[in-house]
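Let me begin by presenting the structure, written as structure tokens, before commenting on it.
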Amino acid sequence: MSSAPSPPPNRKAKSKTVNAMGIITIEKAGEHEDQEVTLRGWLYNLRESGKLLFPIFRDGTGLIQGVVSQKEQPDAFAALRGLTQESSVEITGKIRREPRAPGGYEIGVSRVQVLQRVPESEPYPIQLKEHGVDFLLDRRHLWVRTPRQASILRIRAETSRAAREFMDSQGYTLTDAPIFTPAACEGTTTLFEVQYVDDEKAYLTQSGQLYVEALAAALGKVYCFGPTFRAEKSKTRRHLTEFWMLEPEAAYAHLEDMMTLGEGLVSHIVQSVLRNRAREIETLKRDASKLEPVKPPFPRITYEQALEILRQHGHDVKWGDDFGGDEETTLSQQFDRPVMIHRYPASIKAFYMEPDSARPDLALGFDVLASEGYGEIIGGGERISSYELLLKRLREQKLPEQAFQWYLDLRRYGSVPHAGFGMGLERVVAWICGTEHVREVIPFPRMIYRVYP
RNA sequence: UGGGGCGUGGUCCAACCGGUAGGACACCGCACUGUUAAUGCGGAUGGUGAAGGUUCGAAUCCUUCCGCCCCAGCCA
């Protein structure tokens with residue numbers, strides 16, 4: 001460490017990015033031009049050209065190219081030559097501007113300390129070339145080290161951060177819904193059953209909605225944000241068995257209030273990512289011009305208007321049909337930003353949806369379809385506030401009345417109109433990142449038949 | 001659960017109307033003082049998902065099983 005000099009005391013701004021040991025992060029390297037610094041990280045790749053080595057280091061914040069000359073830095077040259085991919089290293093050297101280096105800066109390495117050398121007999125399994133999905137998923141614990149995956153996870157973090165920031169700014173209080181629940185929220189077929197204390201059975205939550213409805217009657221405007229679980233045997237690019245959902249719920253709110261909240265939320269997230277994670281969007285080669293128009297207002301069309309559009313584009317859909325993937329793709333391709341579809345037939349929506357008083361065959365529900373065919377990212381609407389109607393629907397659905405008594409209480413004691421929605425975090429991130437599958441946008445995806453690693 | 005597709009060296013693929021299983025990358029060595037998933041030359045390793053059947057002969061054809069991918073249903 002003695003080889004890394006302390007920064008000059010008169011350069012306060014720059015000293016902020018140097019810790020007490022003189023160690024900096026790669027993303028801040030440009031602020032240390034012509035200074036000698038120390039980096040801690042891993043060897044990402046090593047190119048060789050005669051008596052010159054071009055190691056590329058990564059430290060989690062970025063990549064930087066190093067240069068080592070055998071003539072000028074014989075010790076560093078000897079330490080790096082033949083070093084294996086992903087070996088952990090601490091290096092010291094001078095940062096300099098270099099247009100030939102990726103990123104614009106490089107480090108002239110003068111000192112190398114290898115913390116752990118990856119043995120040649122068992123080289124790091126993930127190459128810089130192409131791999132199949134199954135191979136990568138089996139090694140997800142290593143796959144996350146690649147720049148593309150790290151960028152996706154940073155965008156995921158920014159999405160969560162911006163989502164909470166927006167909800168808080170709108171006066172919503174974060175309230176946490178339970179993970180263990182006594183009964184299904186919508187149906188019982190997709191629940192994960194777990195053994196609870198003694199002989200009791202419990203289920204992993206498939207939605208926090210019923211609970212945030214209770215909390216909305218207590219606090220006014222609330223939201224929950226956490227994992228949810230569905231045991232559906234869906235093996236598509238849009239499904240995970242464990243995924244994260246943000247669910248706002250507001251007392252005295254109506255369908256239109258939620259549509260306005262939803263478009264504001266999605267827009268704030270997208271604009272925050274574009275502003276704060278531009279480098280990651282670049283790494284992913286995601287076309288930012290597709291995301292720039294994502295600002296309020298989003299187009300709002302009724303289910304019946306959507307039917308018209310679909311028929312004009314050759315889809316054979318009848319009133320009462322739900323939209324499949326092809327239909328969603330066609331609808332989303334009509335607009336440069338997400339589209340909101342509202343007032344679906346009540347028969348294809350959940351039991352707790354409030355009917356439209358002007359058209360009782362329609363439910364006051366809405367979906368937000370992401371652009372470019374990415375499909376549904378938000379689903380929600382107004383909830384039934386009448387005790388009698390809710391009880392009738394529970395019986396029609398043959399749901400266990402006993403387990404829903406507390407939910408019925410919300411209609412017994414000061415029932416009010418209220419509304420909310422659920423936003424699937426992974427679907428939003430997959431759309432923003434332009435990934436093929438939602439499994440890439442959660443650190444350790446849980447899918448049907450896959451719980452490793 | 002239904003429909004479609006696919007399982008070949010460590011990885012990504014080729015051979016698949018039956019006839020000696022091959023390439024690229026990775027790994028090791030040599031060369032190269034500005035490389036950009038470096039390049040050139042050389043080297044070692046090592047494979048037909050499993051079981052059964054047809055055949056002189058099966059990666060190839062048939063049956064069953066296993067695993068994976070995509071789509072549909074359901075949903076975020």
Side-chain angles (χ1 to χ4, degrees), chain A residues 44-56 63 65-73 77 81-82 84-85 98-104 106 108 118-139 146-148 185-187 189-191 206-209 225 227-247 262 266 321-329 348-350 367-370 374-380 421-431 436-439 441-442 447-450:
Chain A
Y44 176 71
N45 192 20
L46 179 65
R47 287 191 295 267
E48 223 182 306
S49 178
K51 302 293 182 284
L52 276 184
L53 293 179
F54 296 97
I56 296 183
L63 297 174
Q65 172 173 293
V67 195
V68 195
S69 154
Q70 184 174 34
K71 202 162 87 184
E72 288 158 36
Q73 307 291 353
F77 188 93
R81 190 172 142 75
T84 40
Q85 191 190 355
E98 173 52 70
R100 287 170 295 189
E106 68 180 15
V118 174
E120 281 88 351
S121 56
E122 280 183 274
Y124 185 68
I126 298 180
Q127 304 169 19
L128 271 43
K129 306 237 172 186
E130 77 285 351
H131 291 289
V133 180
D134 204 41
F135 177 85
L136 291 169
L137 282 174
D138 280 340
R139 292 156 187 79
T146 63
R148 180 182 162 80
C185 169
E186 292 172 30
T189 53
T190 68
L191 286 167
Q206 58 181 185
S207 169
Q209 184 204 314
F225 189 23
T228 50
F229 308 87
R230 296 194 186 166
E232 288 160 355
K233 296 193 174 175
S234 301
K235 304 200 325 181
T236 77
R237 63 168 60 120
R238 297 212 273 274
H239 289 88
L240 296 167
T241 53
E242 178 183 322
F243 64 98
W244 281 59
M245 192 153 64
L246 186 152
E247 295 175 278
V266 170
D321 289 346
D322 206 351
F323 301 145
D326 290 348
E327 284 79 22
E328 288 188 352
T329 300
I348 58 173
K349 286 291 166 184
D367 287 345
V368 178
L369 305 184
Y374 269 88
E376 185 180 344
I377 51 174
I378 282 179
F421 63 77
M423 181 186 81
L425 177 67
E426 286 75 17
R427 288 190 180 176
V428 171
V429 177
W431 164 55
E436 193 71 14
H437 198 297
V438 290
R439 69 188 150 209
V441 308
I442 187 167
M447 293 174 298
I448 193 83
Y449 309 134
R450 177 180 283 281

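Per chain, numbering begins at 1; letters A, B, ... match sequence-line order. FYI, side chains are in, hydrogens and waters are out, and symmetry mates aren't considered; it's all heavy atoms of this structure.
One can place CD1 of A:Ile56 at 8 Å from P of B:A37, the figure rounded to the nearest angstrom. Distance, A:Leu246 CG to B:A76 P: 14 Å, rounded to whole Å. In this structure, A:Gln70 places its CD atom 14 Å from C1' of B:C30, rounding to the nearest Å.
For A:Arg427 and B:C75, a side-chain-to-base donor-acceptor distance below 3.5 Å is present, hydrogens and geometry of angles not being considered. Between the side chain of A:Glu106 and the base of B:G34 there is at least one donor-acceptor pair of N/O atoms closer than 3.5 Å. Side-chain to base pairing of A:Gln65 with B:U35: one donor and one acceptor N or O lie within less than 3.5 Å of each other.
At the heavy-atom level, A:Arg148 lies nowhere under 4.0 Å from the strands shown. Using a 4.0 Å heavy-atom criterion, one finds that A:Glu426 contacts no nucleic acid atom at all. Using a 4.0 Å heavy-atom cutoff across all strands shown, A:Gly375 reaches no nucleic acid atom at all. Nucleic acid contact for A:Pro123: none, since no nucleic acid atom lies under 4.0 Å from a heavy atom of the residue. At the heavy-atom level, A:Ile378 lies under 4.0 Å from the strands shown only through sugar-phosphate atoms. Heavy atoms of A:Glu48 sit under 4.0 angstrom from at least one base atom. Counting non-hydrogen atoms under 4.0 angstrom, A:Val428 reaches nothing in the nucleic acid.
Taking 4.0 angstrom as the limit, A:Arg439 places a side-chain polar atom (N or O) nearer than this to OP1 or OP2 of B:C70. The side chain of A:Arg450 places no N or O atom within less than 4.0 Å of a non-bridging phosphate oxygen (OP1 or OP2) of B:C68.
Separating the P atom of B:G9 from that of B:U48 is a span of 8 Å, rounded to the nearest Å. Remark: the separation of the C1' atoms in B:C61 and B:G19 is 15 Å, to the nearest Å. Comparing B:C17 with B:C62, their P atoms are spaced 11 Å from each other, to the whole Å. For the C1' atom pair drawn from B:A51 and B:G46, the interatomic distance equals 25 Å after rounding to whole Å. With C1' as the reference atom, B:G52 and B:G3 are 27 Å apart, rounded to whole Å.
In this structure A:Glu376 satisfies the salt bridge (Lys or Arg N to Asp or Glu O under 4.0 Å) test with no other residue, sequence neighbours excluded. Looking at residues two or more places apart in sequence or on another chain, you find a salt bridge (Lys or Arg N to Asp or Glu O under 4.0 Å) between A:Arg450 and A:Asp134, A:Asp138.
The nucleotide whose nearest atom lies closest to any side-chain atom of A:His437 is, among B:U33, B:C75, B:C70, B:C70. Side-chain atoms of A:Tyr449 lie closest to B:U1 of the nucleotides B:A37, B:U1, B:U33. Side chain of A:Glu120, nearest nucleotide from B:C27, B:C68, B:C32: B:C27. When distances are taken from the side chain of A:Arg230 to each of B:U33, B:C30, B:A76, the shortest belongs to B:A76. When distances are taken from the side chain of A:Arg100 to each of B:C75, B:C32, B:G34, the shortest belongs to B:G34. The side chain of A:Phe243 sits closest to B:A76 out of B:C68, B:G34, B:A76. Among B:G34, B:C30, B:C71, the nucleotide with an atom closest to any side-chain atom of A:Thr236 is B:C71.
The aromatic ring of A:Phe54 is not stacked on the base of B:G34, since the criterion of ring centres less than 5.5 Å apart with planes inclined by under 30° is not met.
Listed by first and then second residue, the side-chain hydrogen bond (donor to acceptor under 3.5 Å, both in side chains) pairs that reach into residues 118-130 of chain A are A:Arg117-A:Glu120, sequence neighbours excluded.
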Each base of RNA chain B marked ( ) or [ ] if paired in-strand (Watson-Crick or G-U under 3.5 Å), | if paired to another strand and . if unpaired gives (((((((..((((.....[..)))).(((((.......))))).....(((((..]....))))))))))))....

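Residues A:Ala101 and A:Gln65 come closest through the heavy atom pair CB-NE2, 3.9 Å.
When atom types are taken as modelled, the side chain of A:His437 and the backbone of A:His239 share no donor-acceptor pair closer than 3.5 angstrom. Using modelled atom types, one side-chain atom of A:Glu327 and one backbone atom of A:Gly324 make a donor-acceptor pair closer than 3.5 Å.
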Going 5' to 3' through nucleotides 6-13 of chain B and flagging B where a protein heavy-atom sits under 4.0 Å of the base, S where only the sugar-phosphate is that close, and - otherwise, we get ----BSS-

Interface polar pairs with nucleotides 41-46 of chain B, N/O, under 3.5 angstrom:
none

